[in-house]
Amino acid sequence: MLSIGFIRDNANEVISRLKVKNFDAETIVNEIISLDVERRNNQQLLDDTLAELNKLSKEIGGLFKSGKTDEANEAKRKTTELKEKSKELNKSYSEIEKQLFSKIVELPNIPHSSVPKGNSEDDNEIVKSNAEIPELGGKALPHWELAKKYDIIDFELGNKLTGAGFPVYKGKGAKLQRALINFFLDEAEKAGYNEVQPPILVNEDSGFGTGQLPDKEGQMYFVGLDNLYLVPTAEVPVTNIYRDVILNANDFPVKNTAYTPCFRREAGSYGKDVRGLNRLHQFDKVEIVNIAHPNHSYEILDQMVSYVESLVSKLGLPYRILRLCGGDLSFTSALTYDFEVFSAAQEKWLEVSSVSNFESYQANRLKLRFKEEGEKKTKLAHTLNGSALALPRILAALLENNQTNEGIKIPEVLQKYTGFAIID
RNA sequence: GGAGAGAUGACCGAGUGGCUUAAGGUGCUCGCCUGGAAAGCGGGUGUGCAGCGUGAAACUGUACCGAGGGUUCGAAUCCCUCUCUCUCCGCCA
C-alpha cells in the first residue's frame, strides 16, 4: 500500500498518475486526506488526555505513600472523567484508523513514468522481439498431442487423481521437469541468488504482506482447518522472509531464489486458453526475489530482465519482451516486463515470466525497512520479483518447437540434467 | 493428541501493583587513556504515531515487555481468550 505521508504530500500526483492504470482515485484520496486530518486531531486529544491521566496517577501514588489518603481519594475522583474521555477517544481513534486503512488498501500502486497508457494486453509495448519462428511444416502437433504420443504427460490421469489442471508427468516428461528446475536453480545461483526452500503453505499475514490478501482471496487455495493458504507463487513466502525486518543499507542487494510448486484456483478463467499446459491449477516455478535500495531498484529490475532473457535464449526459444501498459499492470506493481515465448504448433505467444518492481508498495505492507549508513531514521525498501521461469509453458514451447520426425530434441543446456537428448 | 513449563530490548537475563525513567550483563558505538592496541574508565545505543520544526537532528507527548481484551487512579506484574516455543508421554515419514 501507499504510505499515508506520501498520499498526504502528493495527493494530486497520486490521482493523476493512477489514471494511467485507469483507476479513478479522486474520491478515495479525498476521503483519505480528511480521515487523516481527523485521525491526527483525535490522536492529539487522546495523547493529551492520557498525559494528564498518567500525571495524576503518579501523584496519587505519591500521596498514598506519604499517607495523605484523603487527598489521594480526592485526586482519584478527578480521574473518572478523564478515563471516560480517553476511552471514547480511544474508540473513535481505532474506528477512524480502521476506516483509513480500508481506504488506503483500495489504492493500487502508482505506475512508473515509463508505463504506457492502455486498457488491455493489446496495448502492451513490445520492447524486444527475437522471434525466429521455427518452420514445422503442416504436420506439427500441439504439445498435448505430443504428450500423449510419447506418453510423457497424462492429463486424464490427473483428472482421476485430482481434477482438471493437475497433470501427471511421466517418465521422460517427469525427468525433463526435474531437469528444468535444476537448470533454473543452478543458473540463478551463478547469477548471485541465494537458494531457499520455503513452506508452500502460508498464513494470512504473509498473504497480506505481498498483496494477495484481502483482494485476491478467491485465487488461492485455502486450508480452512488450519487457516493457511497454498502459495500461488514463491514470491509470497520468499518476500515475507523480510516482513518486519530492518536491513542495513549495505545489505543490498538481497537476492533470493526458490523453486516451489504454485497453486492457483484460476477462478473465472475456465474455457479460455486452458488447453494442455497453457493454464494449470498446480505448476512448478523458479522465482527470483530481490530487495533493493530505492535508488537502485530500477537497475536491479533491468538486471533481472537481462537474466530472464539469458534463460530463454539458452533454451533456444523465440521470445519477446513486453512492457505492460497501465491497464494490464497488476494492482501492486509499478512496472512489469512480461516474457512470452512462441509455441509454434499452437502458433501462440505464451507468457512464461513476469518481472516486476513493486517499489515500496509491498514493503509498506511488510514493514520492510532499512537504515542508511549512520542514520537513525528508517526508510522503506523496494521489492522486486520475477519468474525464472514458470515451467509448463516453457515445456509446451520446447515440445512443440523441437519436434522432429525422430522425436523431440532436448536443448543442449538441459542434456546434462536430463541424461537424454531426445524424447522418442 | 495428553501433562507440565514458558514468551521481557540486537542477545542473555532480573523484575508478583506505584522508588522501573525496564535492574544487571553481553554486543555495538563514541570519547578518555595509548606509539598503536588490549584492559580500564565515562557516555550513547529500539519501533510506530503525533506535536514542534522543516535539510536533518534535537526536543515534547503517547503507545509498545508474544497477540487481543479486562480489572485498577496506576499493569511487564492480577484476570480472560488466542498464538507460539520448550520438556515428558503417545503417534509417526
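In what follows, every chain begins at residue 1, and chains take the letters A, B, ... in the order their sequences are listed. Note: hydrogens, waters and symmetry copies are ignored here, and every other heavy atom, side chains too, is used. Source: prediction; values computed, not measured.
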Is the NZ or CZ atom of R365(A) positioned over F208(A)'s six-membered ring, under 6.0 angstrom from the centre and within 45° of the axis? yes
How long is the line joining [atom1] of [X] and [atom2] of [N], in whole Å?
{"X": "L82(A)", "N": "U72(B)", "atom1": "CG", "atom2": "P", "result": "16 Å"}
{"X": "L45(A)", "N": "G51(B)", "atom1": "CG", "atom2": "C1'", "result": "12 Å"}
{"X": "R369(A)", "N": "G46(B)", "atom1": "CZ", "atom2": "C1'", "result": "10 Å"}

Can you tell me the base-pairing partner of A39(B)? Count Watson-Crick or G-U wobble geometry only, both distances below 3.5 Å, and say none if there is no partner. none
Classify [X] by what it touches in the nucleic acid, base, sugar-phosphate, or nothing, heavy-atom distance under 4.0 Å.
{"X": "K371(A)", "result": "sugar-phosphate"}
{"X": "D48(A)", "result": "nothing"}
{"X": "K376(A)", "result": "sugar-phosphate"}
{"X": "I246(A)", "result": "sugar-phosphate"}
{"X": "L56(A)", "result": "nothing"}

State which of [options] makes the closest approach to the side chain of [X].
{"X": "L50(A)", "options": "G61(B), A50(B), A63(B)", "answer": "A63(B)"}
{"X": "R40(A)", "options": "C49(B), G46(B), A50(B)", "answer": "A50(B)"}
{"X": "Q43(A)", "options": "C73(B), G61(B), A58(B)", "answer": "G61(B)"}

Would you say [N] has OP1 or OP2 under 4.0 Å from some side-chain N or O of [X]?
{"X": "K83(A)", "N": "G74(B)", "value": "yes"}
{"X": "N227(A)", "N": "U83(B)", "value": "no"}
{"X": "R8(A)", "N": "A50(B)", "value": "yes"}

Kindly assign one of parallel, tilted or perpendicular to the pair Y417(A) and F183(A), based on the angle between their ring planes and the thresholds 30° and 60°. perpendicular
Give me the distance, rounded to whole Å, that separates [N] from [M] when you measure between the [atom1] atoms they each carry.
{"N": "C79(B)", "M": "U16(B)", "atom1": "P", "result": "14 Å"}
{"N": "U8(B)", "M": "C78(B)", "atom1": "P", "result": "16 Å"}
{"N": "A14(B)", "M": "G25(B)", "atom1": "C1'", "result": "11 Å"}
{"N": "U71(B)", "M": "G53(B)", "atom1": "C1'", "result": "41 Å"}

Report, one line per pair, each donor and acceptor closer than 3.5 Å where one atom sits in a side chain of residues 24-31 of chain A; sequence neighbours left out.
residue : atom : partner : partner atom : Å
D24(A)  : OD1  : E26(A)  : N            : 3.3
N30(A)  : ND2  : E26(A)  : O            : 3.3
E31(A)  : OE1  : K103(A) : NZ           : 3.4

With nearest nucleotides of RNA chain B determined for G61(A) and T378(A) from heavy-atom distances, which residue corresponds to the more 5′ nucleotide? G61(A)
Does any N or O in the side chain of S333(A) come within less than 3.5 Å of the main-chain N or O of L335(A), such that one atom is a donor and the other an acceptor? yes
Donor-acceptor pair, side chain of S387(A) and main chain of S354(A), under 3.5 angstrom: yes
